[in-house]
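Keep in mind the model is a prediction, meaning the values are calculated, not measured. Just so it is clear: chains get the letters A, B, ... in the order the sequence lines come, proteins before strands, and each one is counted from 1.
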There are 2 protein chains.
Amino acid sequence: MVRKPASKETARKPNMREAILAAAEELFATNGFNAVSVRDIAQAAGANPGSVTYHFKTKDGLLLEIYRRHCGPMNLRRSELLAAAKRVRDLRDRLEAIVRAYVVPAFTSGSDLAGGGARFTRLRAVMSAEGNDVARRIIAQTFDDTSHAFIDAIHESLPHIPRTDIVWRSHFLLGALYYSLVTPDRVSRLSRGEADGSDAASAIEQLVQATVAAFQAPALDQAAPVRRRPAVPSKA
Amino acid sequence: MVRKPASKETARKPNMREAILAAAEELFATNGFNAVSVRDIAQAAGANPGSVTYHFKTKDGLLLEIYRRHCGPMNLRRSELLAAAKRVRDLRDRLEAIVRAYVVPAFTSGSDLAGGGARFTRLRAVMSAEGNDVARRIIAQTFDDTSHAFIDAIHESLPHIPRTDIVWRSHFLLGALYYSLVTPDRVSRLSRGEADGSDAASAIEQLVQATVAAFQAPALDQAAPVRRRPAVPSKA
DNA sequence: TGATCTTTTGTACGATAGTACAAATCCCAT
DNA sequence: ATGGGATTTGTACTATCGTACAAAAGATCA
């Protein structure tokens with residue numbers, strides 16, 4: 001029952017289980033679920049393929065455990081930040097704080113795990129794109145509560161915007177967030193090297209700034225009738 | 001050389017090749033590249049597995065052909081709409097027209113192919129998330145030009161915003177666009193049925209409205225120094 | 001030290017993957 | 001109608017997949 005000294009962090013494989021989890025997380029997040037084989041994961045972790053089966057039974061079980069590892073801490077941190085944000089007096093500042101509370105834990109570590117939450121968030125993005133069943137189940141039962149809490153909080157600081165619009169815009173926020181983690185190189189490329197898409201701090205600030213403005217946009221109902229539809233040629 | 005009468009559209013399989021392309025597009029877009037087997041595609045198209053090899057040589061070749069089919073028409077349509085948008089006098093209207101020119105072809109058909117461009121855009125989103133190599137190559141050489149054209153156009157109608165910020169925000173736009181096509185059900189769910197995430201018209205209007213506001217947000221450089229950083233508890 | 005439990009290794013099995021290829025079939029111009 | 005290219009079918013091959021399982025190795029405590 002006594003833990004070994006854990007030496008430093010230099011210990012190569014203090015825990016094979018953790019090594020496998022980390023390797024799987026990285027590989028899944030960059031290549032998707034189906035493109036990565038159990039053997040790939042084992043090799044990246046310096047483990048034996050059979051060892052993966054021993055610790056996680058199935059490949060799905062491995063993915064499930066990755067989610068279990070992160071969901072709790074990340075949502076906890078989000079709750080803390082959200083609670084703090086709701087106490088901000090100024091309405092504009094509060095909105096920004098809420099958005100930040102949503103975004104920051106997704107980029108930085110939502111837990112004590114090395115590599116930070118960015119990798120896990122990217123993994124979620126990829127699983128979502130692939131329509132992964134395990135992920136879908138977990139998301140619906142774990143993240144929807146959090147999402148509702150944020151949507152409600154945002155709605156409170158923007159009472160004149162219909163909830164429907166808030167939902168759409170928060171959906172866009174998550175999409176933008178995901179995509180920033182999936183292909184950060186595209187930002188670097190399109191900015192011709194002037195911006196670094198992999199810089200979390202920049203991504204966060206840009207995302208928060210843009211999103212706050214998006215939330216503050218006038219509601220669709222009241223905006224539409226006033227403005228004329230901009231010219232769009234009929235399609236062939 | 002004479003085309004057959006094509007009867008109506010009721011002709012079951014006027015062209016096996018097209019049927020395979022359509023089936024592959026649908027399956028790839030919903031399940032990702034690796035999760036779908038050539039046999040799955042053949043079955044969905046009512047074809048023989050060998051027929052896929054005959055028409056497209058390899059699975060990669062099939063994906064490549066899907067891209068070839070859509071990229072041209074979609075980018076052409078975007079160019080047309082962008083050109084029209086640039087002629088809009090009012091600056092705010094012009095920005096909206098530009099954004100619309102970017103968004104609309106991604107949702108509606110960018111070509112004469114059935115099912116519309118939404119399916120292809122969703123496919124691009126999924127391939128991007130999976131880090132698919134074939135897709136990566138095509139995107140870099142086909143879509144970057146278009147993206148630059150849009151970024152430049154937007155920059156012209158928002159000269160006071162640094163190009164870097166425009167790049168980030170257009171990146172967010174694409175992420176939001178992708179995500180809306182990947183998991184439209186999430187919108188329906190979070191809005192408790194009040195919104196229909198799969199309704200292209202709603203998605204477009206919401207996305208355009210939100211994005212225009214995001215582009216119009218003050219630049220980061222000038223915004224940051226004025227505002228205090230909202231309270232964010234130090235992390236554990 | 002020796003017994004017992006945990007973890008790792010090595011290997012094997014059935015299923016399915018992508019692709020190749022020959023035979024069968026279809027289609028149209030002659 | 002018929003010859004010949006285009007297409008479709010059926011099948012087979014090899015590689016790799018996820019997973020199971022027995023044996024080896026390591027750890028723990030009386």
- Task: Calculate the interatomic distance between A/K59 atom NZ and D/dA20 atom P; express it in whole Å.
- Result: 15 Å
- Message: From C-beta outward on B/K57, which listed nucleotide comes closest to its side chain: C/dA20, C/dT6, D/dA20?
- Response: C/dA20
- Does a side-chain N-to-carboxylate-O contact under 4.0 Å join B/E65 and B/K57? no
- What is the distance from CZ of B/R17 to P of D/dT9, rounded to the nearest Å? 16 Å
- Do A/D40 and A/S37 have side-chain atoms, one donor and one acceptor, less than 3.5 Å apart? yes
- Taking for each residue the nucleotide of DNA chain D bearing the nearest heavy atom, is the 5' side occupied by A/A35 or by A/G50? A/A35
- Rounding to a whole Å, what distance do you find between A/Y54:OH and C/dT11:P? 21 Å
- Query: Rounded to whole angstrom units, what separation is found between the CD atom of B/Q43 and the C1' atom of D/dT8?
  - Reply: 17 Å
- Query: Rounded to the nearest Å, what distance is computed from the CE atom of residue B/M16 to the C1' atom of nucleotide D/dT9?
  - Reply: 12 Å
- Task: List the steps and the verdict of side-chain contact (heavy atoms from CB on, under 4.5 Å) for B/T183 and A/R136.
- Result: CA-CA 10 Å; B/T183 55; A/R136 203 197 321 264; over 6 Å; no
- Query: Just wondering, do B/F56 and B/L21 contact through their side chains at under 4.5 Å, heavy atoms?
  - Reply: yes
- Task: Identify which nucleotide among D/dT9, C/dG18, C/dA20 has an atom closest to any side-chain atom of B/V38, counting heavy atoms from C-beta outward.
- Result: C/dG18
- Would you mind reading off the distance between A/L27 atom CG and D/dC17 atom P, rounded to a whole angstrom? 12 Å
- Task: Report the nucleotide, chosen from D/dG10, D/dT19, C/dT8, that has the shortest atom-to-atom distance to any side-chain atom of B/N48.
- Result: D/dG10
- Query: When all nucleic acid strands are considered with a 4.0 Å heavy-atom cut-off, which category describes A/S37: base, sugar-phosphate, or nothing?
  - Reply: sugar-phosphate
- Message: Does B/R39 reach a base, just sugar-phosphate, or nothing at all? Heavy atoms under 4.0 Å.
- Response: base
- Query: Over how many whole Å does the gap from A/H55 atom NE2 to D/dT19 atom C1' extend?
  - Reply: 16 Å
